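One structure is given below, encoded as structure tokens.
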Amino acid sequence: MKSEPDVFSIEDLRRKDVAGWDGVRNYQARNNLRAMRKADLAFFYHSSVKPPAIAGMMEIVREAYPDTTTKEPGWLQVDVRFRKVFLKPLTLDEIKQIPALNKMVLLHNSRLSVQPISAGEWATLTGILEK
DNA sequence: GCCAACGTTGGC
DNA sequence: GCCAACGTTGGC
């Protein structure tokens, strides 16, 4: 799940502990939000900064419900809870260099703000980030 | 700041 | 239903 840290960062989430992941206005991203289940884990990716990187981890604590920031029907948000901030974020550049991650959506549809991660990719990423 | 990639809109 | 025009995202 991507956010520009100037707008909302992993540190902001740490301060709030629980936050609504709102403002998504893309159907594919919305569908990915809808597929999330309570207790699912997600990475927090900092975009549009140098360097772009996976900065932390969070947990889905409330499944998709109508986005509180719009009156337009159909848009959804989830609630997330802070889990951890990575002292050494995994940069986009590093991700690109790991063969096991070369199919990541991040590398092929970088604009999608809520992306799926395969079980294998998750295992690879946590193996690097949590060592 | 630039620009490629992508999504959306709207005329036909 | 096609596609040109436009707006946005995000890496560089």
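Letters go in sequence order (proteins before strands), and every chain restarts at 1. Quick caveat: nothing in here was measured; it's all calculated off a predicted structure.
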To the nearest angstrom, the CE-P distance between A/M104 and C/dG11 comes to 12 Å
| said: For a 4.5 angstrom cut-off between non-hydrogen side-chain atoms, does A/V61 reach A/V80? | reply: no
Tell me whether the OP1 or OP2 atom of C/dG10 has a side-chain N or O from A/K2 closer than 4.0 Å.
-> yes
Whole-Å distance, A/H108 NE2 to C/dG10 P, equals 17 Å
A/N109 CG to C/dT9 C1', in whole Å, measures 11 Å
A/Y65-A/W75 aromatic ring centre distance below 6.0 Å | no
Rounded to whole Å, NZ of A/K50 lies from P of C/dG11 at a distance of 12 Å
Atom CD of A/Q115 and atom P of C/dT9 are separated, to the nearest Å, by 15 Å
query = Any side-chain heavy-atom pair from A/Q77 and A/T68 closer than 4.5 angstrom?
reply = yes
**Item:** Validation row: A/N109, A/Q28 side chains within 4.5 angstrom (heavy atoms)
**Value:** yes
Categorize A/S110 for me: base, sugar-phosphate, or nothing, with a 4.0 angstrom heavy-atom threshold over every strand shown. sugar-phosphate
Taken to the nearest whole Å, CG/A/N26 to C1'/C/dT9 is 11 Å
(message) Within the 4.0 Å heavy-atom criterion, would you say A/H46 contacts the bases, only the backbone, or no part of the nucleic acid?
(response) nothing
Any A/Y45 side-chain N or O less than 4.0 Å from OP1/OP2 of C/dG11: yes
Could you check whether A/K96 pairs with A/D93 (Lys NZ or Arg NE/NH1/NH2 to Asp/Glu carboxylate O, under 4.0 Å)? no
Practice item. Indicate, with a heavy-atom threshold strictly under 4.0 Å, whether A/L112 touches base, sugar-phosphate, or nothing. Key: nothing
Between the protein and nucleotides 6-8 of chain C, list every N/O to N/O distance that falls short of 3.5 Å.
from  : atom 1 : to     : atom 2 : distance (Å)
C/dT8 : O2     : A/R111 : NH1    : 3.2
C/dT8 : O2     : A/R111 : NH2    : 2.9

Applying side-chain hydrogen bond (donor to acceptor under 3.5 Å, both in side chains) to A/T70 and A/D67, what does each step give before you reach the verdict?
CA-CA 6 Å; A/T70 180; A/D67 189 317; over 6 Å; no
When rounded to whole Å, the CG to P distance for the pair A/D6 and C/dT9 reads 14 Å
Indicate the ring-plane relationship of A/F8 and A/W21, choosing parallel, tilted or perpendicular according to the 30° and 60° boundaries.
-> perpendicular
